[in-house]
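Quick caveat, the model's predicted, so the values are computed rather than measured. Numbered from 1 within each chain, the chains take letters A, B, ... in sequence-line order. Computation of the quantities below employed the complete heavy-atom set of this structure, encompassing side-chain atoms and omitting hydrogens, waters and symmetry-equivalent molecules.
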Protein chains: 2
Amino acid sequence: MDEVFKALADASRRSLLDGLHARNGQTLSELCEGLAMTRQAVTKHLVILEEANLVTTVRHGREKLHYLNPVPIHQIGERWIKKFERGKLAALGELKRQLEKRDE
Amino acid sequence: MDEVFKALADASRRSLLDGLHARNGQTLSELCEGLAMTRQAVTKHLVILEEANLVTTVRHGREKLHYLNPVPIHQIGERWIKKFERGKLAALGELKRQLEKRDE
DNA sequence: ATAATAGGCAACCAAATAGTTGCATGTCAA
DNA sequence: TTGACATGCAACTATTTGGTTGCCTATTAT
C-alpha cells in the first residue's frame, strides 16, 4: 500500500498512468514521446510503477509493452478513501463548528 | 492535487490523519503521544498536511487544535480514482490477453 | 510572580529522489 | 551481416525529504 501511495505521489508517474489509460500496451519509446525527460528517467519511473504493481510489462521481441493494472488504484479507493467518506459530514460539521467558535 | 498526493505519500502523515479520524480536534501534543518521533517532526508533517488542505487548525489559547478536512481525499476519489475504475475490466481483460500471448 | 506547559523557529544532517550522461546488449530489417 | 533501433545498466549529481537538536515565545496554573 505504501509503495502505491509513493508511486502515485509523482506527477510524471501519474501522467504515465494517464498515458496508459488513454492507450494501453505502449512501448517504452512510445511512452517517452513528448515528455521533457530522458528515456532513462522514464524507465526509472516505470520501474517504480511496476514495483507498486500499477503497471505490468510483457517483452515482445525487442519491445517492452506496458499495461496498466488498475487493481491497486481501486484498492486505495476501497480500503483507504472510503474510510474517510464515512463520517465525512460529521467531520465537516465539527470543523465548521470549531472555526465559528474562533470569536468567542 | 499534487500537494495532496505528496502529503498522502508518507506513512507517518497517513497515520496522523488516521489519528484525527479516530478523534478529531486533537492538539499537537496529543497527536505526538506514542509516536517514535520528536514534536518538531510531527509539526513538520502537520504543516504539509495543512498546506495540502487535509488538516485545518484552530488556535485555542496556548493549544492548537487540529481538524481533519476530508474534502481533498474525497476529491481524489472522485476526480482521479473513478477515472481508472471506468474501463477497469477492459484494461484487465487486455492485460490477461497479452500475458497469455507470451508463448506464441 | 513564576514555574510548567504548549507550541514555534532555525540550523543542521543523512538518506532518498529525480534526473543526467555514457556505454553495453539484444533484436530486427535491408 | 551489418546498421539501426529498443532497451538495459551504472555512475554521478543536485535537490528534496524526514528527521534531529537547541533555543525562544506565549499562555496557563499555583
Side-chain angles (χ1 to χ4, degrees), chain A residues 1-20 23-52 54-67 98-99 101-104, chain B residues 1-20 23-52 54-67 98-99 101-104:
Chain A
M1 205 72 164
D2 191 56
E3 281 186 317
V4 180
F5 274 111
K6 285 231 156 64
L8 295 181
D10 186 88
S12 306
R13 284 192 290 269
R14 289 198 304 277
S15 76
L16 284 170
L17 292 179
D18 281 343
L20 289 179
R23 191 161 63 82
N24 212 357
Q26 295 189 61
T27 66
L28 172 58
S29 323
E30 284 171 339
L31 286 168
C32 286
E33 277 167 28
L35 295 186
M37 222 186 304
T38 59
R39 177 177 52 84
Q40 287 79 355
V42 176
T43 299
K44 287 195 181 180
H45 284 305
L46 288 171
V47 166
I48 290 170
L49 290 171
E50 281 183 64
E51 283 171 352
L54 284 158
V55 162
T56 307
T57 62
V58 182
R59 254 340 247 279
H60 198 263
R62 64 179 162 180
E63 296 183 326
K64 190 176 189 181
L65 305 178
H66 296 78
Y67 291 90
Q98 285 300 325
L99 288 172
K101 241 170 84 178
R102 266 182 317 198
D103 307 316
E104 279 183 15
Chain B
M1 205 75 164
D2 191 59
E3 282 186 316
V4 180
F5 274 109
K6 286 230 156 65
L8 295 181
D10 186 89
S12 306
R13 284 192 290 268
R14 289 198 303 278
S15 76
L16 283 171
L17 291 180
D18 282 343
L20 289 179
R23 188 161 63 83
N24 212 355
Q26 295 189 60
T27 66
L28 172 59
S29 323
E30 283 171 341
L31 286 169
C32 287
E33 277 167 27
L35 296 185
M37 222 186 306
T38 58
R39 175 176 54 84
Q40 288 80 354
V42 176
T43 299
K44 287 193 180 182
H45 284 305
L46 288 172
V47 167
I48 290 170
L49 291 171
E50 281 183 63
E51 283 171 352
L54 284 158
V55 162
T56 307
T57 61
V58 181
R59 255 340 249 279
H60 198 264
R62 66 179 163 181
E63 295 184 327
K64 191 177 188 179
L65 306 179
H66 297 77
Y67 290 90
Q98 286 298 326
L99 288 173
K101 241 170 84 178
R102 266 181 316 198
D103 308 319
E104 277 183 15

*Round to a whole Å and report the spacing from CG of L65(A) to C1' of dA6(D).*
11 Å
*Under 4.0 Å between a Lys/Arg side-chain N and an Asp/Glu carboxylate O for E50(B) and K64(B)?*
yes
*Nearest heavy atoms of E3(B) and A52(B), plus distance in Å*: O-CB, 3.7 Å
*asked:* Quick check for you: among dG18(D), dG8(C), dT20(D), whose closest atom lies nearest to any side-chain atom of D10(B)?
replied: dG18(D)
*asked:* Would you say K64(B) places a side-chain N or O within less than 4.0 Å of OP1 or OP2 belonging to dG8(C)?
replied: yes
*Of the nucleotides dA6(D), dA6(C), dG18(D), which one has an atom closest to the side chain of E63(B)?*
dA6(C)
*asked:* Once hydrogens and angles are ignored, does a donor-acceptor distance under 3.5 Å link the base of dG18(D) to the side chain of R13(B)?
replied: no
*Assess whether one donor atom and one acceptor atom, taken from the side chain of R62(B) and the base of dT5(C), lie less than 3.5 Å apart.*
yes
_Rounded interatomic separation in angstrom, taking CZ from R59(A) and C1' from dG26(C)_ = 8 Å
*Which whole-number value in Å describes the distance from R39(B) CZ to dA6(C) P?*
10 Å
_dG19(D) OP1/OP2 closer than 4.0 Å to side-chain N/O of H45(B)_ = yes
*Distance-only, no hydrogens or angles: does the H66(B) side chain make a donor-acceptor pair with backbone N or O of T57(B) under 3.5 Å?*
no
*asked:* Need to verify one output field. Residue with the more 5' nearest nucleotide on DNA chain C, T43(B) or Q40(A)?
replied: T43(B)
*Would you say T38(B) reaches dG19(D)'s phosphate, i.e. side-chain N/O to OP1/OP2 under 4.0 Å?*
no
*Among the candidates dG19(D), dG19(C), dC23(D), find the nucleotide nearest to the side-chain atoms of K44(B).*
dG19(D)
*asked:* Whether H60(A) contacts dT27(C) is assessed here as follows: a side-chain N or O lying under 4.0 Å from the phosphate OP1 or OP2. Is that the case?
replied: no
*Below 4.0 angstrom from OP1 or OP2 of dA16(C), is there any side-chain N or O of K6(A)?*
no
*asked:* Rounded to whole Å, please give me the gap between CG in L46(A) and P in dG19(C).
replied: 12 Å
*Salt bridge or not for D10(A) and K6(B), using N-O below 4.0 Å?*
no
_Distance-minimising heavy-atom pair for A7(A) and L54(A)_ = CB-CD1, 3.9 Å
